[in-house]
Amino acid sequence: MITEIQLSNKKIIVDLSEPLDLSITLSGDENNPIAWYLDEPKITPVQEGKWIAKVSEGASVNFNNLYFNPHAHGTHTECVGHISEEFYSVNKALKQFFFTAKVISLVPENYGEDAVISKKQLQHYLSKNEAEALVIRTLPNTKKKRRRKYSHTNWPYLLEEAAIYIRECGIKHLLIDLPSVDKEKDDGQLLAHRAFWNYPENTRKDATITELIYVSNKIEDGNYLLNLQIASIKNDASPSKPVLYKII
Ligand SMILES: N[C@@H](CC(=O)c1ccccc1NC=O)C(=O)O
């Protein structure tokens, strides 16, 4: 299913039958990743007295309730509404779903007790107006990321200067394989979130951050077409399904 896409300055060709899915599957069990000190998500049949909405229990349909948190339990896309006093819905922030994207892989640098991504590091991989979306794969990269329990681990994060640089490069959509672009315990500063959205000075209401992706090692660094889809939910964040297509 090969298609040619006309961008403003060039044409690209992609094969839509070869999707590279960056989302982590949400499962109602211990295999699911977790951040922010929550318990595991739940996927359980509706119950009414003795009736259990499960075909194997005699019901005519399987009819499950899902109980999960988009920020804590998997791949999600958020807008500035995540950090603002005013309400903004990601469903309104994201109105277009295909973007040019660049995938880069980085080993976070030591920074005191922390591991961080700095502006200097990013400057090797990203320059101005190269792509609309940036996908950051942190190294080392193993399949364990798809089920990691992140609470109290002080995961790597972006320095504020790095987030400013990403914004100044014209990146509208930032995707990363960590639970947050910010330090886990930062006394509520959320410096990278604020810098990326330029909040509150000149807020980029149509910019998004996607966290807890997983970029398989089969995917090479480079330029792609990104299809970023969310569930239509009126909330600051939604579970999401970013899919890359190799430019051929
Ligand atoms: N780093 C913040 C906390 C934070 O960002 C946070 C806390 C609970 C649930 C979600 C959070 N951020 C999420 O995306 C702090 O230490 O105050």
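Counting convention: from 1, in listed order, for ligands and their atoms alike. In what follows, every heavy atom counts, from backbone to side chain, and hydrogens, waters and symmetry copies are set aside.
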Under 4.0 Å from one or more heavy atoms of K185, ligand 1 contributes atoms 16 (O)
Near H71 (heavy-atom distance under 4.0 Å), the atoms of ligand 1 are 14 (O)
Any donor-acceptor pair under 3.5 Å linking the side-chain atoms of T210 with those of T77? yes
- Does H82 come within less than 4.0 angstrom of ligand 1, counting non-hydrogen atoms of the residue? yes
**Request:** Would you tell me whether N32 and H73 have side-chain atoms, one donor and one acceptor, within less than 3.5 Å of each other?
**Result:** no
Under a heavy-atom criterion of less than 4.0 Å, does L190 contact ligand 1? yes
shortest atom 10 (C) of ligand 1-to-protein heavy-atom contact is with W36 CD2, 3.4 Å
G188 versus ligand 1: do any nitrogen or oxygen atoms come within less than 3.5 Å of each other?
yes
The residue among L174, V103, L175 that forms side chain to side chain contact (heavy atoms under 4.5 Å, CB included) with L134 is L174
Cation-pi, F196 ring and R167 (6.0 angstrom, 45 degrees)
no
Inset, instruction - State, without any angle test, whether S105 and D221 hold a side-chain donor-acceptor pair at a distance under 3.5 Å. - result: yes
for atom 15 (C) of ligand 1, nearest protein heavy atom and its distance come out as D186 OD1, 3.0 Å
Contact region, K183 to ligand 1, non-hydrogen atoms below 4.0 Å, reads backbone
Counting heavy atoms under 4.0 Å, the part of E184 that contacts ligand 1 is backbone
Without hydrogens or angle criteria, can the side chains of H173 and T208 be said to hold a donor-acceptor pair below 3.5 Å? yes
Quiz item: Angle class for the F63/W51 ring planes (parallel below 30°, perpendicular above 60°, tilted otherwise)?
Solution: tilted
Can an N or O of E211 be found at a distance shorter than 3.5 Å from an N or O of ligand 1?
no
